[in-house]
Student: 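My structure is below; once you've seen it, I'll send some questions.
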Amino acid sequence: MPELPEVETVRRGIEPAMVDATFVTVEQRRPDLRFPLPVDFATRLQGQRVISLGRRAKYLLLTTSGGEVLIMHLGMSGRFTVALGQGLTETNGARSDLVGEFAHAGVCNPKHDHVVFHMSNGSIITYNDPRRFGYMDLVTENALADCHHFSKLGVEPLGNSFHSTALASMAANRTTNLKAFLLDQRHVAGLGNIYVCEALYRARLSPRRQASCLALSNGKPSARCERLVPIIKSVLEEAIAAGGSTLKDYAHTDGSLGYFQHSFAVYGREGEPCLTPACSAKIERNVQAGRSTFYCGNCQR
DNA sequence: AAGAACTCCTGTTGGC
DNA sequence: TGCCAACAGGAGTTCT
């Protein structure tokens, strides 16, 4: 379940295989992912050179020499595997020899290989997505900021505009709970279930508390908000440094694993002891906004 | 308008 | 062993 750190890890994994290379062939093996693929998807990409590969929240943004941007979202189970072309150095652990091995091991069933990019440097980048919650779109560079994917998207949590005053303003008068508020991409863009659970635990904030508890009081962000913002940043930064979290649906572009799941304090730990020293409570689980929330009812208030 | 519920999808898991 | 329901969840849509 790729959230911001996993998407950033994927970006770093496929960047060396794609940037400065040209799309030779784009294989589109089905008409749609979650949504229909763009009209003339393959032909619009073929012959274009990749200028850059960026990221906005959980979206990958590939800018082409033709002035179009390929927007890619991994959804729940989207995955890229890379077979590096000859002469490309192994970067970020992208090892071409592993791709077949992992496919053979059934980790990545080839029947869900929906889009395959063949690059001029010999690299082959394959998009595999069993649940097809992912999607791809093509828009012109000029239309990018106003397209429906981004027009309502909130602040980038690792950017400079994400600070306690900004979060406090967004939270003003919000009656929804903290968990749902932080999952809403219109506020902070890039957080998902795992990192919201982990950040709220570290900040010792109950996921059931009203979001408005973060709001300004006496013109200043609440102490809770001041505490939460740097924690959100550090959780994401640590996860990126660890290469993301590997759960059922996510692995690196080379099939290898991220390591941040070993740092989970609450996610997936229902019934296990809280890791806070001197706390003897067990991690609880309930459902908020249709997702499992894991928390310590004793430490998080 | 905000917030909650529902929807899409398929592999995995647990109960019988 | 086999079958089936429940579950996982990002984000768009629909409802209240």
Student: Grab the CG-P distance between A/Leu4 and C/dG10 for me, whole Å please.
Tutor: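 A/Leu4 atom CG is separated from C/dG10 atom P by 13 Å.
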Student: Are any of A/His112's side-chain N or O atoms less than 4.0 Å away from OP1 or OP2 of B/dG11?
Tutor: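 Indeed, a polar side-chain atom of A/His112 lies that close.
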Student: Using a strict cut-off of less than 4.0 Å between a Lys/Arg side-chain nitrogen and an Asp/Glu carboxylate oxygen, indicate whether A/Arg12 and A/Glu8 qualify as a salt bridge.
Tutor: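 The answer is yes: the pair qualifies as a salt bridge.
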Student: If stacking means aromatic ring centre less than 5.5 angstrom from the base's six-membered ring centre, planes under 30°, is A/Phe133 stacked on C/dG9?
Tutor: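 Yes; centroid distance and tilt both under limits.
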Student: Under 4.0 Å from OP1 or OP2 of B/dA2: is there any side-chain N or O of A/Thr176 that close?
Tutor: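 So the side chain of A/Thr176 is outside the cut-off, no N or O lying under 4.0 Å from OP1 or OP2 of B/dA2.
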Student: Without decimals, in angstroms, what is the distance between A/Met76 CE and C/dA11 C1'?
Tutor: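 From A/Met76 CE to C/dA11 C1': 12 Å.
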Student: If you check every side-chain atom of A/Pro130, which of B/dG11, B/dG3, B/dT7 has the closest atom?
Tutor: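 Of the options given, the side chain of A/Pro130 lies nearest B/dG11.
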Student: Send over the distance from A/Leu183 CG to B/dA4 P, rounded to a whole Å.
Tutor: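 Value for this atom pair: 12 Å.
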Student: So, OP1 or OP2 of C/dA8: does either fall under 4.0 Å of a side-chain N or O from A/Arg285?
Tutor: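 Indeed, a polar side-chain atom of A/Arg285 lies that close.
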Student: Counting only side-chain nitrogens and oxygens, does A/Tyr195 get under 4.0 Å of the OP1 or OP2 atom of C/dG9?
Tutor: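 Looking at the OP1 and OP2 atoms of C/dG9, neither is under 4.0 Å from any side-chain N or O of A/Tyr195.
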Student: Without decimals, in angstroms, what is the distance between A/Asn177 CG and B/dA5 P?
Tutor: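 Nearest whole value for this atom pair: 10 Å.
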Student: Between B/dC9 atom P and A/His114 atom NE2, what is the distance in whole Å?
Tutor: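 So the NE2-P distance, A/His114 to B/dC9, works out to 12 Å.
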Student: When you measure from the side chain of A/Lys58, which nucleotide among B/dG3, C/dG10, C/dG9 comes out closest?
Tutor: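 It is C/dG10.
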Student: Does a side chain donor of either A/Tyr127 or A/Asp129 reach within less than 3.5 Å of an acceptor in the other side chain?
Tutor: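 A pair is found: one side chain offers a donor N or O, the other an acceptor, under 3.5 Å apart.
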Student: Round to a whole Å and report the spacing from CG of A/Asp137 to C1' of C/dG12.
Tutor: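 Going from CG in A/Asp137 over to C1' in C/dG12 covers 14 Å.
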Student: OP1 or OP2 of B/dG3 versus the side-chain N and O atoms of A/Arg174: is any pair under 4.0 Å?
Tutor: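 Yes, such a contact exists.
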Student: What is the distance from CG of A/Asn193 to P of C/dA8, rounded to the nearest Å?
Tutor: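 Answer to the nearest Å: 9 Å.
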Student: Rounded to whole angstrom units, what separation is found between the CD atom of A/Glu3 and the C1' atom of C/dA11?
Tutor: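 To the nearest whole Å, that distance equals 13 Å.
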Student: Does a nitrogen or oxygen in the side chain of A/Ser292 sit under 4.0 Å from OP1 or OP2 of C/dA8?
Tutor: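 Yes, A/Ser292 has a side-chain N/O under 4.0 Å of OP1/OP2 on C/dA8.
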Student: State whether A/His73 places a side-chain N or O below 4.0 Å from either non-bridging phosphate oxygen (OP1 or OP2) of C/dA11.
Tutor: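 Yes.
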Student: Under 4.0 Å between a side-chain N or O of A/Arg132 and OP1 or OP2 of B/dT10?
Tutor: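 Checking A/Arg132 against B/dT10: at least one side-chain N or O falls below 4.0 Å of OP1 or OP2.
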Student: Are A/Thr175 and A/Gln210 linked by a side-chain donor-acceptor pair shorter than 3.5 Å?
Tutor: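 No pair is found: no donor N or O on one side chain lies under 3.5 Å from an acceptor on the other.
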Student: Does a distance-only test, which skips hydrogens and angles, find a donor-acceptor pair under 3.5 Å between the side chain of A/Arg291 and the base of C/dA8?
Tutor: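 Under the 3.5 Å cut-off, the side chain and the base do not form any donor-acceptor pair.
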Student: Is the shortest side-chain N/O distance from A/Tyr135 to OP1 or OP2 of C/dA11 below 4.0 Å?
Tutor: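 No, no such contact exists.
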Student: Going through the distances and angles, do A/Arg55 and A/Glu15 end up as a salt bridge (Lys or Arg N to Asp or Glu O under 4.0 Å)?
Tutor: CA-CA 11 Å; A/Arg55 179 190 58 75; A/Glu15 185 176 41; over 6 Å; no
Student: Side-chain donor-acceptor pair under 3.5 Å between A/Asn142 and A/Thr140, yes or no?
Tutor: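 Result is no, nothing qualifies.
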Student: Distance check: side-chain N/O of A/Lys111 vs OP1/OP2 of B/dG11, anything under 4.0 Å?
Tutor: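 For A/Lys111, the contact criterion (side-chain N or O under 4.0 Å from OP1 or OP2 of B/dG11) is met.
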Student: Between A/Ser151 and A/Asp146, is there a side-chain donor-acceptor contact under 3.5 Å, judged purely by atom types and distance?
Tutor: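 Checked: A/Asp146/A/Ser151 side chains show no N/O donor-acceptor pair below 3.5 Å.
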